[in-house]
Amino acid sequence: MRSRAITMALGVGVVVLLACAESTGPPTPPQDPVETPETGPTLHMLRWDPLVSLEFAAIPGGDTGVLHSPVLVPPLDRPEVSFWATVGTATSMRINYRAQDGTWLPYLDFVLNRNSLLAWPDGESFASGERVLVTVRVDTVNLRVYIGPIGLMFNPQEPAQLTLWYTGADRDLNGDGKIDSLDDTIERERLQVWTQVNAFDPWIELDAAQSIEDKQFIANLDDAASYSGYAVSYSGYAVSY
């Protein structure tokens, strides 16, 4: 039996794991990869709402040795988490963020069913009882998550499931300084989950079911599991009236 490391990146919250956690992860992803028409669509990443995500962090400085400076990142318990996933055992994890009223709300659910693990990145099938180290890292600026290792394959007959909520996003979706019907149109008609293999690779639209009422997307990860990055965003320019 062997063990290999998997890395997963994602953003926000208290993490509930049904597995052993330990620290590892991929290189820190860039804040906002920019695509060109030659390499892929230009994406407008959803960003965390600064009213939700305002945190204060202690930094060195001054006679007291400490200054308190505002850090615009969402309140996270663990922005990076690792856990062992074992073939034949169901595993799940959740990451939450702290809302304005102080309550914790879900940002991400990741569920591996008993037979979701199909093959290693080199294509070799998993044997019964084999395990792999999964690492999840959240982007604390955009609603974006990274998963590794790149190329891990999930079973299309019993896929892993990724749920992303965007309730904590800045409601000014197109960044024009106002929240209006144009943002509602973007949410209804343009918003989607996108995925990429490596940082700076083209982003590809992922098949995911949206609930506008719950402000969430649910995606089954099967063939798309070879990708490492997942983001809630929209492509091109905002529609106008």
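We're numbering straight along the sequence, starting at 1.
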Can a side-chain donor-acceptor contact be found between Asp222 and Asn220 if the only test is distance below 3.5 angstrom? no
Tell me whether Leu164 is reachable from Leu191 by hopping between hydrophobic residues (I, L, V, M, F, W, Y) whose side-chain heavy atoms are closer than 4.5 Å. yes
So do the side chains of Thr86 and Glu130 get within less than 4.5 Å of each other, counting heavy atoms only? no
If you define the side chain from C-beta out and look only at heavy atoms, does anything of Asp184 sit under 4.5 Å from Leu173? no
Between Thr185 (side chain only) and Ser181 (backbone N and O only), is there a donor and an acceptor less than 3.5 Å apart? yes
Just wondering, do Phe154 and Leu118 contact through their side chains at under 4.5 Å, heavy atoms? no
Any residue meeting side-chain hydrogen bond (donor to acceptor under 3.5 Å, both in side chains) with Gln210, in chain and number order, not counting sequence neighbours: Tyr166
Closest non-hydrogen atom pair, Met45 against Ala231: SD-CB, 3.7 Å
When you group the ILVMFWY residues by side-chain heavy-atom contacts below 4.5 Å and let the links chain together, are Val111 and Val134 in the same group? no
With sequence neighbours left out, the residues meeting side-chain hydrogen bond (donor to acceptor under 3.5 Å, both in side chains) with Asp109 are Arg94
Measure the spacing between CH2 of Trp84 and CZ of Arg131 and express it to the nearest 0.5 Å. 4.5 Å
Side chain of Asp176, backbone of Lys178: donor and acceptor closer than 3.5 Å? yes
Considering non-hydrogen atoms only, spot the tightest contact between Pro121 and Pro149 and give its length. CG-CG, 3.8 Å
Would you mind reporting whether Leu43 and Ser235 have side-chain heavy atoms less than 4.5 Å apart? yes
Spacing of Trp203 atom CH2 and Gln192 atom CD [to the nearest 0.5 Å]: 12.5 Å
Worked check of side chain to side chain contact (heavy atoms under 4.5 Å, CB included) between Ser211 and Gln216: CA-CA 5 Å; Ser211 169; Gln216 70 171 200; 3.9 Å; yes
Got Leu162 and Tyr230 here, is their nearest side-chain heavy-atom distance under 4.5 Å? yes
Is it true that a side-chain atom of Ser125 and a backbone atom of Ala119 form a donor plus acceptor pair closer than 3.5 Å? no
Is the shortest heavy-atom distance from the side chain of Phe126 to the side chain of Trp120 under 4.5 Å? yes
Side-chain heavy-atom pair Phe83, Thr91 within 4.5 angstrom cut-off: yes
Closest heavy-atom pair, Asp172 versus Gly177, reported as atoms and distance to 0.1 Å, is OD2-N, 2.8 Å
Please find out if less than 6.0 Å separates the ring center of Trp48 from that of Tyr107. yes
From the list Arg190, Arg188, Glu189, side chain to side chain contact (heavy atoms under 4.5 Å, CB included) with Ile186 holds only for Arg190
What's the separation between atom CD in Gln161 and atom CD1 in Ile218, rounded to the nearest 0.5 Å? 5.5 Å
Are more than 12 heavy atoms, taken from residues, nucleotides or ligands other than Asp214, located less than 6.0 Å from that residue's CG atom? yes
Scan side-chain atoms only and decide if Tyr97 and Thr167 contain a donor-acceptor pair under the 3.5 Å cut-off. yes
In short, Leu112 meets Ala85 closest at the heavy-atom pair CD1-CB, 3.4 Å
Beyond-backbone contact of Trp165 with Val232, side-chain heavy atoms, under 4.5 angstrom: no
Nearest 0.5 Å please: distance from the CG atom of Asp183 over to the CZ atom of Arg171. 9.0 Å
